[in-house]
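A short write-up of the structure that comes next.
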Amino acid sequence: MRTKVGIVGAGPAGLLLSHLLHLEGIDSVVVENRSREYVEHRIRAGVLEQGTVELLTETGLGDRLQREGLVHEGVELRFGGEGHRIDFAELTGGKSITIYGQQEVVKDLIAKRLADGADIRFEVSDVRLGGIDTDHPAIAFTHDGAEQTLECDFVAGCDGFHGVTRHAIPAGVLTEYDRTYPFAWLGILAEAPPSSEELIYTNHERGFALCSLRSPKVSRLYLQVRPDETLDEWPDERIWEELRTRTATNDGFELNEGPVVERLIAPLRSWLVEPMQYGRLFLAGDAAHIVPATGAKGLNLAVADVRLLARGLVRFFESGDTELLERYSDACLRRVWRVQHFSWWMTSMLHRFDPSDRYQPRLQISELRYVTSSRAAATTLAENYVGLPFDDGGPPS
């Protein structure tokens with residue numbers, strides 16, 4: 001088999017890269033170890049930045065997004081029993097976010113790629129990379145019981161944190177940065193109308209809580225819990241009681257409740273590697289970086305990565321110019337570190353780190369009061385939340 005770009009991973013990063021390359025006449029093959037059914041129903045992030053929505057729409061992926069996506073022009077920060085709205089539209093010149101689940105983005109991408117004749121191999125196994133430090137890298141894998149080799153000009157590693165592509169880079173090349181938080185999120189999906197028209201981020205003495213949504217009829221809700229807790233310790237009644245306690249307000253906020261149809265406990269982590277490239281292998285999305293979900297940035301950061309990678313590959317195949325590809329890692333990491341900081345800041349401001357520490361909670365309340373009373377501070381949050389402008393891939397100014 002032969003293609004120009006071999007892509008490992010059929011998540012948002014890999015599928016969008018394949019789509020962007022197709023629009024420029026560049027062929028690719030995507031290999032994925034999971035089934036199509038699995039990747040289309042894998043529940044992940046649901047907040048799209050303004051730039052992500054615009055890119056999807058401009059490249060022909062916006063039909064269902066525009067019909068079903070829920071546009072939000074602000075969020076609420078809640079502490080001390082009172083809510084404080086951060087008005088994105090007013091603070092950022094009209095920008096907003098859109099609630100549209102990652103699994104819906106993946107469904108749209110797969111449908112579009114297959115309609116365009118894309119080669120996507122689901123349920124492959126034993127994926128191995130070779131020759132990534134040469135001009136002729138290859139991806140070996142097993143599909144339908146047969147061993148196959150895909151020869152290509154470049155390989156894109158879009159296979160997530162647990163994928164194989166990053167491990168193909170020789171030891172000593174990558175520098176890893178990591179921070180694990182002393183808590184996790186218990187998340188539920190409930191058949192209940194959202195309790196608020198916009199997301200609510202709550203700082204409470206018992207821990208963080210988040211009221212989010214997936215549709216006008218389905219709520220997504222989160223609680224800070226210990227990382228060693230299990231789902232068996234959290235029956236529905238306890239979950240709802242804790243959510244009511246943490247989200248309560250002085251003016252009688254009412255939390256809409258309903259049947260819990262999904263639940264999970266997920267750790268929170270900040271992690272990345274530098275550089276994001278080696279030879280003819282380029283990492284994108286969770287294969288190169290992870291941020292805590294507090295900032296709603298994972299999917300959006302992957303989109304920014306592959307946008308830059310696609311630009312570099314298009315330039316190469318048009319003219320042989322490698323400048324943008326050589327700058328790929330540096331250009332991506334400028335945004336990655338900004339997002340790492342924002343996600344860490346939001347997490348640090350809203351969660352309880354040590355129940356015995358009386359100092360940090362007072363600092364958090366001071367910070368929240370400042371953010372919700374200072375236009376400059378609120379603008380910083382709003383600008384980062386709706387998404388900073390995309391990098392053009394050039395040298396830093």
Hydrophobic cluster identity match, [X] and [Y], side-chain contacts under 4.5 Å:
{"X": "F183", "Y": "L363", "answer": "no"}
{"X": "V386", "Y": "L301", "answer": "no"}
{"X": "Y328", "Y": "V339", "answer": "yes"}
{"X": "V30", "Y": "L313", "answer": "yes"}
{"X": "I200", "Y": "M346", "answer": "no"}

Can you measure from [atom1] ([X]) to [atom2] ([Y]) and round to the nearest 0.5 angstrom?
{"X": "L381", "Y": "L91", "atom1": "CG", "atom2": "CG", "value": "9.0 Å"}
{"X": "E242", "Y": "L186", "atom1": "CD", "atom2": "CG", "value": "10.0 Å"}
{"X": "E257", "Y": "E254", "atom1": "CD", "atom2": "CD", "value": "10.5 Å"}
{"X": "S96", "Y": "E73", "atom1": "OG", "atom2": "CD", "value": "6.0 Å"}
{"X": "D63", "Y": "D108", "atom1": "CG", "atom2": "CG", "value": "8.5 Å"}
{"X": "F342", "Y": "R335", "atom1": "CZ", "atom2": "CZ", "value": "12.0 Å"}

Using atom types as modelled and distance alone, determine if a side-chain donor or acceptor of [X] lies under 3.5 Å from a backbone N or O of [Y].
{"X": "R121", "Y": "V29", "result": "no"}
{"X": "D27", "Y": "T3", "result": "no"}
{"X": "S343", "Y": "Q340", "result": "no"}
{"X": "S215", "Y": "V218", "result": "yes"}
{"X": "T59", "Y": "L55", "result": "yes"}
{"X": "T134", "Y": "G131", "result": "yes"}
{"X": "H351", "Y": "F353", "result": "no"}
{"X": "T52", "Y": "L48", "result": "no"}
{"X": "S374", "Y": "A377", "result": "yes"}
{"X": "E32", "Y": "A10", "result": "yes"}

Exercise. Quick one: is the NZ or CZ of R78 closer than 6.0 Å to the six-membered ring centre of F253, and within 45° of its axis?
Worked result: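 Ring-cation test returns yes.
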Exercise. Within 45 degrees of the axis of the six-membered ring of F317 and under 6.0 Å from its centre: does K4 put its NZ or CZ there?
Worked result: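 Yes - K4 lies over the ring of F317, closer than 6.0 Å to its centre and within 45° of its axis.
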Exercise. Can the ring centroids of Y177 and W271 be said to lie less than 6.0 angstrom from one another?
Worked result: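 No, ring centres 6.0 Å or more apart.
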For this session: May I ask you to check whether over 12 heavy atoms, not counting those of E237, lie within 6.0 Å of atom CD?
Result: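 No - once you tally the heavy atoms of other residues, nucleotides and ligands closer than 6.0 Å, there are 12 at most.
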Using 4.0 Å as the upper bound for N to carboxylate O, is an ion pair formed by [Y] and [X]?
{"X": "R280", "Y": "D133", "value": "no"}
{"X": "D286", "Y": "R166", "value": "no"}
{"X": "R128", "Y": "D126", "value": "yes"}
{"X": "R307", "Y": "D305", "value": "no"}

For this session: Indicate the atoms forming the closest heavy-atom contact of V53 with L65, along with that distance.
Result: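 That would be CG1-CD2, 4.0 Å.
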Does [X] reach the side chain of [Y], with side-chain heavy atoms less than 4.5 Å apart?
{"X": "H41", "Y": "Q103", "result": "no"}
{"X": "P194", "Y": "C211", "result": "no"}
{"X": "R214", "Y": "Y100", "result": "no"}
{"X": "V225", "Y": "W185", "result": "no"}
{"X": "L309", "Y": "L325", "result": "yes"}
{"X": "W345", "Y": "V371", "result": "yes"}
{"X": "V124", "Y": "T142", "result": "no"}
{"X": "T379", "Y": "T92", "result": "no"}

Exercise. Can you check salt bridge (charged side-chain N to carboxylate O under 4.0 Å, His left out) on E383 and K95, steps first, answer last?
Worked result: CA-CA 9 Å; E383 286 180 345; K95 292 184 179 180; over 6 Å; no
Exercise. With E262, which residues qualify under salt bridge (charged side-chain N to carboxylate O under 4.0 Å, His left out), at least two apart?
Worked result: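 Applying salt bridge (charged side-chain N to carboxylate O under 4.0 Å, His left out) to E262 gives R220.
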For this session: Hey, can you tell me if H84 and F79 have their rings parallel, tilted or perpendicular (30° and 60° cut-offs)?
Result: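 It falls in the parallel class, under 30°.
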Is the closest side-chain donor-acceptor distance between [X] and [Y] under 3.5 Å?
{"X": "D354", "Y": "S356", "result": "yes"}
{"X": "Q66", "Y": "T57", "result": "yes"}
{"X": "D232", "Y": "T230", "result": "no"}

For this session: Give the intermediate values and the outcome of salt bridge (charged side-chain N to carboxylate O under 4.0 Å, His left out) for residues K107 and E104.
Result: CA-CA 5 Å; K107 289 176 188 175; E104 305 306 324; 3.5 Å; yes
For this session: May I have the step-by-step check of side-chain hydrogen bond (donor to acceptor under 3.5 Å, both in side chains) for T247 and T202, ending in yes or no?
Result: CA-CA 7 Å; T247 60; T202 300; over 6 Å; no
For this session: Would you check, one step at a time, whether the test ring-ring contact (aromatic ring centres under 6.0 Å, His included) holds for Y222 with F208?
Result: CA-CA 8 Å; Y222 298 91; F208 169 78; 8.1 Å; no
Exercise. Can you list the steps and then say if S319 with D321 is a side-chain hydrogen bond (donor to acceptor under 3.5 Å, both in side chains)?
Worked result: CA-CA 5 Å; S319 65; D321 184 356; 4.8 Å; no
Exercise. Yes or no on salt bridge (charged side-chain N to carboxylate O under 4.0 Å, His left out) for D153 and R2, after CA distance, side-chain angles and deciding distance?
Worked result: CA-CA 9 Å; D153 296 308; R2 171 76 189 166; 2.7 Å; yes
Problem set entry | Result of checking E205, H204, Q364 against R352 for side-chain hydrogen bond (donor to acceptor under 3.5 Å, both in side chains) |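 Output: one option passes, namely Q364.
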